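Owing to the predicted nature of the structure, the values given are computational and were not obtained by experimental measurement.
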Amino acid sequence: LFITSDLYIEFVLANREIIEKYYFLNYPENNIIRLLLNKDKFYAYGMKNNLQIPRTYFIQSMDDVNSIIQNVEFPLILKPNYYNKNWEANSLAKTYIINNMDEMISIYKMISKIKIS
């Protein structure tokens, strides 16, 4: 079985025992897959294990945006911590390329109005 989307991975993880009866899944254990899919958990893992990973910021508020803007170089990439059905249901892109401060503020305001979790 070749999975092509994070949302399909969630389905497979939730139903792995049944699916493995019919398909060969050459995937690591569920907890490892969830670690790889979750940006904040993977970032913490990477920092703890000295992996070379891009500088990452986790935005929870407009104050975070204002603070981060002072320390970043554009362009940058904005992604959800965990891509899920709510993100997709609101027609949000999986990734945003931000070219300047105005785009960052605009996109954050758009996303922050939507309940993602």
How far does CZ of R34 sit from CG of L13, to the nearest 0.5 angstrom?
4.5 Å
Going hydrophobic residue to hydrophobic residue with side-chain gaps under 4.5 angstrom, can you get from Y22 over to Y8?
yes
Suppose we screen for salt bridge (charged side-chain N to carboxylate O under 4.0 Å, His left out). Which residues come up paired with E103, at least two apart in sequence or across chains?
none
In one Ile/Leu/Val/Met/Phe/Trp/Tyr side-chain cluster, 4.5 Å: L35, I53:
yes
Please indicate whether M62 has more than 12 foreign heavy atoms, meaning atoms of other residues, nucleotides or ligands, lying under 6.0 Å from its CE.
yes
Could you tell me the separation between the OH atom of Y108 and the CD1 atom of I68, rounded to the nearest 0.5 Å?
9.5 Å
State the CD-CG distance between E17 and N30, to the nearest 0.5 angstrom.
9.0 Å
Does atom CD1 (I97) have a neighbourhood of more than 12 heavy atoms from anything else shown, all under 6.0 Å?
no
Y27 side chain vs I3 backbone, donor-acceptor pair below 3.5 Å
yes
Among all residues two or more places apart in sequence or in another chain, which pass the side chain to side chain contact (heavy atoms under 4.5 Å, CB included) test with I77?
K79, T95
Rounded to the nearest 0.5 Å, how far does OG of S112 lie from CD1 of I105?
11.5 Å
Exam field: side chain N49 to backbone L51, donor-acceptor pair closer than 3.5 Å
no
Going by ring-ring contact (aromatic ring centres under 6.0 Å, His included), name the pairs with one or both residues in residues 31-78, residues two or more places apart or in two chains.
Y43-F58
Rounded to the nearest 0.5 Å, what separation is found between the CG atom of L78 and the CD1 atom of I107?
6.5 Å
L92 and M110: side-chain contact (heavy atoms from CB on, under 4.5 Å), yes or no, with the steps?
CA-CA 9 Å; L92 298 172; M110 175 189 65; 4.1 Å; yes
Heavy-atom side-chain proximity of T56 to K39 below 4.5 angstrom:
no
Linked, directly or transitively: I33 and L36 (ILVMFWY side chains, under 4.5 Å):
no
Count I, L, V, M, F, W, Y as connected when their side-chain heavy atoms are under 4.5 Å apart, and connections chain through other members. Are I9 and I32 then in the same cluster?
no
